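Reading through the C-alpha cells given below for one structure.
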Amino acid sequence: MLSKHDSIQRDQLEMITLDQLVPPNHLVRKMEAAIDFTFNTLIASYFFSKM
C-alpha cells in the first residue's frame with residue numbers, strides 16, 4: 001500500500017550526464033583525446049540518403 005512518503009519520492013527527478021559517470025582518467029577519455037573520429041562521418045555518409 002502506498003503511503004504519503006511514496007508520492008513525494010515519485011515527484012523527484014535527477015538528471016545525470018555521461019560525462020558525470022566517466023572518471024576523468026578513464027581509458028575512454030584518453031582514447032577520445034588521442035584519436036580523431038571525424039572520419040566516421042565520411043564513412044557513414046555513404047549509407048544515408050542524399051535527399
Side-chain angles (χ1 to χ4, degrees):
M1 178 152 212
L2 295 175
S3 68
K4 292 181 181 180
H5 299 292
D6 291 335
S7 65
I8 293 172
Q9 291 178 351
R10 286 188 307 215
D11 294 338
Q12 296 177 357
L13 177 69
E14 182 176 3
M15 300 199 58
I16 300 174
T17 64
L18 287 175
D19 286 333
Q20 293 172 316
L21 296 175
V22 179
N25 61 345
H26 193 273
L27 177 62
V28 172
R29 290 195 186 269
K30 293 176 184 177
M31 289 173 50
E32 183 181 24
I35 302 172
D36 180 18
F37 289 103
T38 56
F39 68 91
N40 286 343
T41 306
L42 177 63
I43 293 171
S45 67
Y46 295 111
F47 298 103
F48 292 99
S49 175
K50 305 287 191 243
M51 295 179 92

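Both backbone and side-chain heavy atoms feed into the values below; hydrogens, waters and symmetry mates do not. It should be emphasised that the depicted structure is a prediction, and the values quoted were computed from it without experimental measurement.
Once rounded to the nearest 0.5 Å, the distance linking CD of Q20 with CE of M15 reads 9.5 Å.
Within 6.0 Å of the OH atom in Y46, the count of heavy atoms belonging to other residues, nucleotides or ligands does not exceed 12. The neighbour count for F37 CZ, taken as heavy atoms of other residues, nucleotides or ligands under 6.0 Å away, is above 12.
For L27, the side-chain contact (heavy atoms from CB on, under 4.5 Å) partners at least two apart in sequence or on another chain are M31. The salt bridge (charged side-chain N to carboxylate O under 4.0 Å, His left out) test applied to D36 returns no partner, not counting sequence neighbours.
For the pairing with D19, the side-chain contact (heavy atoms from CB on, under 4.5 Å) check across T17, I16, V22 returns one residue only, T17.
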